[in-house]
Amino acid sequence: MKILDDMNPQQKEAVQYTKGPLLILAGAGSGKTRVLTHRIAYLIENDVKPYHIMAITFTNKAAQEMRDRVDQIVGFGSESIWVSTFHSSCVRILRRFIDRIGFANSFTIYDTDDQKTLMKQVIKKLQLDPKIYKERALMSAISSAKNEMISPEQFEKDAGLDWNKEKISQIYYEYQSQLKKNNALDFDDLLVKTVELFKKCPDVLEYYQDKFQYLMVDEYQDTNTVQFQFINLLAAKSRNLCVVGDDDQSIYKFRGANIRNILEFEKSFPDAKVIKLEQNYRSTSNILNAANGVISNNKGRKEKKLWTENEKGAKITFRKFQNSFEEAEYVAGEISGKVGSGACKYGDIAILYRTNAQSRLFEEKLLIANIPYKIVGSVNFYARREVKDLLSYLKTVDNAQDDLAVQRIINVPKRGIGATTISRIQAHATETGMDFYGALLEAQYIPGLSRSLSKVESFTRFIQKLKTQAEYYSVKELLEHIIDETGYVRNLEAQNTDEARARIDNINELISKVVTYEEDNENPTLSGFLQEVALVADIDSVDSDSDFCLLMTLHSAKGLEFPYVFMTGMEDGIFPSYLTITEDDPDELEEERRLCYVGITRAKKELVMTAASQRMIRGETQYNKVSRFVHEIPRELVELGREQDLDRDAFVNPRKRYPNSFSFKPRQFTVTKAEHLNYGVGDTVRHSKFGVGEVTNITDGGKDYEVTVDFDRAGIKKMFASFAKLKKI
DNA sequence: TACTGGATTATTTTT
DNA sequence: TAATCCAGTA
């Protein structure tokens, strides 16, 4: 049978063990995704109906990949398998049944931004001092409570006489009641409400238990208590539960992940079969040994030893720099060198860092070096201001109960409806118990609005008109109509700044996402689009075919692999983070170490680690030592620039530099060449970094056009057309 | 009501 | 550093 071809004995066993609880302890790069996909294929070949199969992955991207791969093996039938993230599975269930626990099925989903806004309103409403009650802290307290399935009632009981906790429980109550009033759920609620639904409505639970007779959970080490309950409830009847995970890769404790879920799986399921996948197919043995060296410093792991038949490969490169600018220049230089020499393409390379803020410098240097790159994470596309504004219009049209959306756009663009007016309307809404939009509709009965009344009325007229149009317009038409009527893009155009242009680009991107959605779905609806959009992560849209260097946090890199990996900012105080070191909590440090392990094991061929002895952190210069994790790599596996780089507390001579760091010679690029350029010699063009300049020369380099531009500010630059994205002006 | 500039403050990681 | 907040002004 071809499903079992090219599999090692453990993998085969995992694929064929389909009945009863199964724990697959899969080390990094041991082919667990392959096992999962082949397991699904195996089930289908053995007459399990695809709609009886559910697989939960960490990202939508992983889900899509899994589906594609199953399709390839089985040939067909993958569409009716549920492959999705915890959150999207829950949304799907709740859309159908949440009315059974008192919500409307058209509920909206609040992202972190919305939660924050709502929390601010709660604090205000309860007349608490925002200096003492920080929304961030409150949100995380409530989120942890939800992850542990603690209701406001329970929270209050647990608080006992603790005055502070008692206060938080009040906030928690109010926060939940506001959500309910807005017919909204936050991310955590998606899980909590689903479990609640299952518990309150046994018939619903039974329906899904019968439906999902074969369950698979990927990245099991990162599940939290609610997720654990969700899975347990679903699997309780069939007991065909297969979980795959690696305790060494558990990196989401801050999000409530409970590592005990995997460590104690055999306690919850005493009859569980355990299969270990310990052969690594991904990395060279040097990389793997470096990873093993680091992770062996952790206590409380499941016993396992990863090994590989792969060749030794290059040593781990470690370079230390005077400051973070040089670090970024070095990385850019190395990338130019590697790609220039034909060793690899841009898409083979990833730059990883601990915090999103670190991406900025790399972005700058890569841009100057003319290296195509993509930043994953930082600000989620759908969280950008212009995108959220437009989505809020759509949400208002779709579900006017969502007060936050209405309030967001009521004065965007400026309509002369100010804070005073809004709070008058809000007061009226609270008094009468109606939602904000409802209050807007009867603005004429609200005293004290005077001059703004007409403005409010013209706003509601506009929205009401949109609502009518929504019935026969496509989502794209509706969106374009909104953009046009509000003059959103025209306003941005008038600003004529780089930032405004970037925003317009994002809006166009949003329109094309709408188009894609409408093309891909048989029954595209406004609600459907909004729902799809609410749960996408930035990583989901990363296309593996495109030739870009990827920049992302170590967390985002989980589940991915790259031939060449740069782990940057390897400094105590950055990674492991300052907080971890100062709090002196061994558990926290172990989590950081696992993160380091995840980073190292992303690399297939070469791993480069860099550090800077001086770094600007929020306007302050910090001096950091080389990360302890670097020291934990067996010394013989590391290739150093200078011997003293690894000496602890070594003094760094600022004059000494690396001669090979800066090699931006013109090179062949492996990018798609534009058919023709929409500018020519003599035209004035704009570059996102260098500003405005005049094109002085264009040569056809075969794979791409090489354009020479004389910039007003930056001087003469030679660049490749497909990446420089010059715009004629 | 809108806008400006100065002060303040926050920082891990994300579905 | 960068985002956000707040007071004062037009």
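In what follows, chains are A, B, ... by sequence order, proteins preceding strands, each numbered from 1.
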With a 4.0 Å cut-off on heavy atoms, is A/T580 in touch with a base, just the backbone sugar-phosphate, or nothing at all? nothing

Ignoring backbone atoms, test whether A/S88 places a side-chain nitrogen or oxygen under 4.0 Å from the OP1 or OP2 oxygen of B/dT15. no

Think A/R415 has a side-chain N or O under 4.0 angstrom from the OP1 or OP2 of B/dT1? no

Is the closest basic N to carboxylate O distance between A/D572 and A/R628 below 4.0 Å? yes

Can you measure A/L352 atom CG to B/dT12 atom C1' for me and round it to whole angstrom units? 15 Å

Protein-nucleotides 5-10 of chain C N/O pairs under 3.5 Å:
residue: C/dC5; atom: OP1; partner: A/K120; partner atom: NZ; Å: 3.1

What nucleic acid atoms does A/K253 come within less than 4.0 Å of, heavy atoms only: base, sugar-phosphate, or nothing? nothing

Anything under 30° is parallel, anything over 60° is perpendicular, the rest tilted; go ahead and classify A/F462 against A/Y393. perpendicular

Quickly work out the A/I251 CD1 to B/dT14 P distance and round it to whole Å. 9 Å

Proximal nucleotide (of B/dT15, B/dT12, C/dT1) relative to the A/L579 side chain: B/dT12

Any side-chain N or O of A/N411 below 4.0 angstrom from OP1/OP2 of B/dA2? yes

Rounded to whole Å, how long is the line connecting atom CG of A/N147 with atom P of B/dT14? 16 Å

Residue that, paired with A/Q121, satisfies side chain to side chain donor-acceptor pair (under 3.5 Å) out of A/Q426, A/K116, A/Q407: A/Q407

Mind checking A/K455 for me? I need base, sugar-phosphate or nothing, with any heavy atom below 4.0 Å counting as a touch. nothing

Among C/dT1, B/dT15, B/dT12, the one nearest any side-chain atom of A/E592 is B/dT12

Would A/Y252 count as stacking on B/dT13 if stacking means ring centres less than 5.5 angstrom apart and planes tilted under 30 degrees? no

Rounded to the nearest Å, what distance is computed from the CG atom of residue A/N491 to the P atom of nucleotide B/dA2? 13 Å

Can you find a side-chain donor-acceptor pair between A/T355 and A/Q358 that sits under 3.5 Å? yes

Considering only side-chain heavy atoms of A/T355, which listed nucleotide, B/dT15, B/dT13, C/dT1, is closest? B/dT13

Of the nucleotides B/dT13, B/dT14, B/dT15, which one has an atom closest to the side chain of A/S556? B/dT14

Among the nucleotides C/dT1, B/dT1, B/dT13, which one has an atom lying closest to any side-chain atom of A/F254? B/dT13

Can you check whether A/N356 has a side-chain N or O nearer than 4.0 Å to OP1 or OP2 of B/dT14? yes

Nearest-neighbour nucleotide for the A/E588 side chain, B/dT14, B/dT15, B/dT12 considered: B/dT12

When we call it a touch if two heavy atoms are under 4.0 Å apart, what does A/T421 touch: a base, just sugar-phosphate, or nothing? sugar-phosphate

Which part of the nucleic acid, if any, lies within contact of A/G619, taking any heavy atom under 4.0 Å across all strands shown: a base, the sugar-phosphate backbone alone, or nothing? base

NZ of A/K134 versus C1' of B/dT9: gap in Å, rounded? 8 Å

So A/L191 and A/H87, do their side chains get closer than 4.5 Å, heavy atoms only? yes

From the options A/I351, A/L560, A/I375, select the one residue that forms a side-chain contact (heavy atoms from CB on, under 4.5 Å) with A/M552. A/L560

Nucleotide of B/dT15, B/dT12, B/dT1 approaching A/S452 most closely (side-chain heavy atoms): B/dT1

Assign each of A/H87 and A/G416 the nucleotide of DNA chain B bearing its closest heavy atom; nearer the 5' end lies the nucleotide of A/G416

Side-chain contact test, heavy atoms from C-beta onward, threshold under 4.5 Å: evaluate it for A/M570 versus A/C596 and give yes or no. yes

Mind checking salt bridge (Lys or Arg N to Asp or Glu O under 4.0 Å) for A/R360 and listing every partner two or more places apart, or none if nothing turns up? A/E364

From CG of A/D218 across to P of B/dT15 the rounded distance in Å is 15 Å

A/I617 CD1 to C/dA2 P: how many Å, rounded? 12 Å

Rounded to whole Å, the NZ-C1' distance (A/K414 to B/dT4) equals 13 Å

Take the angle between the ring planes of A/F97 and A/Y208 and call it parallel below 30°, perpendicular above 60°, tilted in between. perpendicular

